Engineer: 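Just passing along the structure, written as structure tokens.
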Amino acid sequence: EELIAKSIAPVKTQYLRPPPPSNLIKEKKSKRQLKRERQQEQKSALHICAEVAKAGNVGACRYGLKCRFSHDLEAFKVQKPADIEGTCPFCPYGLACRFSSTHRKKTSEVNGLKKDVQKLLWKNKMSFPKADDQLKVLGLDSQPSKKAKDKSLKIHPREKKLIDFRGKLYLAPLTTVGNLPFRRVCKTLGADITCGEMAMCTNLLQGQASEWALLRRHSSEDLFGVQICGAYPDTVARAVELIDRECEVDFIDINMGCPIDIVVNKGAGSSLLTKPMRMKNIIQSASATVDKPVTVKVRTGYFEGRNRIDSLISDISHWGASAVTIHGRSRQQRYSKLADWDYIYQCARKAPDALQVLGNGDVFSYLDWNKHMSECPELSASMIARGSLIKPWIFTEVKEQRHWDISSGERLNILKDFSRFGLEHWGSDTKGVETTRHFLLEWLSYAYRYIPVGLLDVIPQRLNWRQPSYCGRDDLETLMASDSAADWVKISELLLGKVPDGFTFAPKHKSNAYDKAENG
């Protein structure tokens, strides 16, 4: 009880051990230094031209001597890292592939950015007739024309395909770690609904390939949505129309709760909670533009102690949203303190019948899920976010109504699935392997926080508990419990082979880092 009061996980005494010495962290490199290193890397024989590698012929590249990449096939073969054991998931990479022998067809993914669409977006020549019509009706068109005065233009109520969120296990859109391979892992473990990582509307409208990659969908994602974020009705409405036209999605979620400074300072995310008229215009214009359901994700309010969603909940429904997810914290709180579920319940009870309300915050066991669903029948579902990063088998636990004392071997098999899915998604050449490794390490920077059920004096583990230093029931479980990035790299090497020389890793969300200094 004393430990729990201090938010320290009550690990059984026999598993406790003194904390390891703190990690050495190298000084961060400047952007100029990193750019110079990238340029030198490109000149290396290891950076073989993709066309040359695929064909095995120097003459295959249409750029010839002007190509930025190496055409030296013999030098590449000498310097190429050793192949990884296993079967190639698919192979458009030829000699650059890190797997030997068998190849099979690439698994099904959709929502890629077509070249002709990208060119129109680059040249700002893409037309958005539906969005522009609705913006004119609402008097929000940034370039008003004579047509805007035409009183015959009205918002027509559209037949929207309804999605029943009630009782479904919804994997939250998660920046960086909520990528397509991770979502596939969660689908295999029981998630019902998945949603892509948050994409910025302006970047989508500019045809940025990296932003469009966030909209990709795997064939296993049978109920799938994308999440977008924008500050103005015109950019959001046009992005919604573009996604509806070019992508296969079941719903579109608008983020009005992101607390990150770079998003808030642009007037998007949780900044919109202070501008209800802007919220109204964005939701109205987006929902009137497409037939697909438009949902909204919000926080309780902008400032701590000044909740405001309860006063807007009816309006959100009238503006055209099909569902709203409420994260039980304010923007000011970020992720500190516990989520306010009593306030979420209050909002759910105030909501009109037409609006489905989902709660979000600190769901980390089937008991948490059961508690929220039984205490507030008006709640459609609970969205699962950080809990799934620490233990993605939470979806299995909820469906089977049990605490799963998962073994280290079973956890390693889940990581193997992620690695395989990653190579299918990002590629099986050296770049694809290292991209897969990078996102695996980002995930491990959360996953180490899981404490096995059999090691706890009190179950279930709570999301806000800090784990003491402890050893597991076998060496692999001990390795998985480490908060050292050097140990996460060792786990990645079990799955993806040795890291390249000079490899470094620092998680986005914390100061832990891996570099050569850690290993002497």
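Since the structure is predicted, the reported quantities are computational estimates derived from the model, not experimental observations.
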Engineer: Taking the side chain as every heavy atom from C-beta outward, state whether Q134 and P233 have any pair of such atoms under 4.5 Å apart.
Structural biologist: no
Engineer: May I ask you to decide whether D417 forms a salt bridge with K187, counting only side-chain N to carboxylate O separations under 4.0 Å?
Structural biologist: no
Engineer: Would you please say whether a donor-acceptor pair under 3.5 Å links the side chains of T295 and D253?
Structural biologist: yes
Engineer: Output, in order, the C-alpha distance, side-chain angles, deciding distance and verdict of side-chain contact (heavy atoms from CB on, under 4.5 Å) for L204 and I243.
Structural biologist: CA-CA 9 Å; L204 293 174; I243 291 166; 4.1 Å; yes
Engineer: Which residues pass the side chain to side chain contact (heavy atoms under 4.5 Å, CB included) test with D132, not counting sequence neighbours?
Structural biologist: F128, L135, R238
Engineer: Any side-chain donor-acceptor pair under 3.5 Å between T194 and E221?
Structural biologist: yes
Engineer: Is the shortest heavy-atom distance from the side chain of M279 to the side chain of W319 under 4.5 Å?
Structural biologist: yes
Engineer: Checking R437 against S492 for the side chain to side chain donor-acceptor pair (under 3.5 Å) test, could you report, in this order, the C-alpha distance in whole Å, the side-chain angles of both residues, the deciding distance, and whether it holds?
Structural biologist: CA-CA 6 Å; R437 189 191 308 277; S492 83; 3.0 Å; yes
Engineer: State plainly whether the residues E241 and K130 are in salt-bridge range, i.e. N to O under 4.0 Å.
Structural biologist: no
Engineer: Under a 4.5 Å cut-off applied to non-hydrogen side-chain atoms, are E109 and L180 in contact?
Structural biologist: yes
Engineer: Would you check, one step at a time, whether the test side-chain contact (heavy atoms from CB on, under 4.5 Å) holds for L171 with I193?
Structural biologist: CA-CA 6 Å; L171 171 64; I193 303 172; over 6 Å; no
Engineer: Hey, are E424 and R184 close enough for a salt bridge, meaning a charged N less than 4.0 Å from a carboxylate O?
Structural biologist: yes
Engineer: Decide, yes or no, whether a salt bridge links K280 with D315 under the criterion of side-chain N to carboxylate O below 4.0 Å.
Structural biologist: no
Engineer: Return the orientation label for the F439 and W426 ring planes: parallel under 30°, perpendicular over 60°, tilted otherwise.
Structural biologist: parallel
Engineer: Using a strict cut-off of less than 4.0 Å between a Lys/Arg side-chain nitrogen and an Asp/Glu carboxylate oxygen, indicate whether K266 and D261 qualify as a salt bridge.
Structural biologist: no
Engineer: Taking only residues two or more places apart in sequence, or in another chain, which ones meet F224 in a ring pair (Phe, Tyr, Trp, His ring centres under 6.0 Å)?
Structural biologist: none
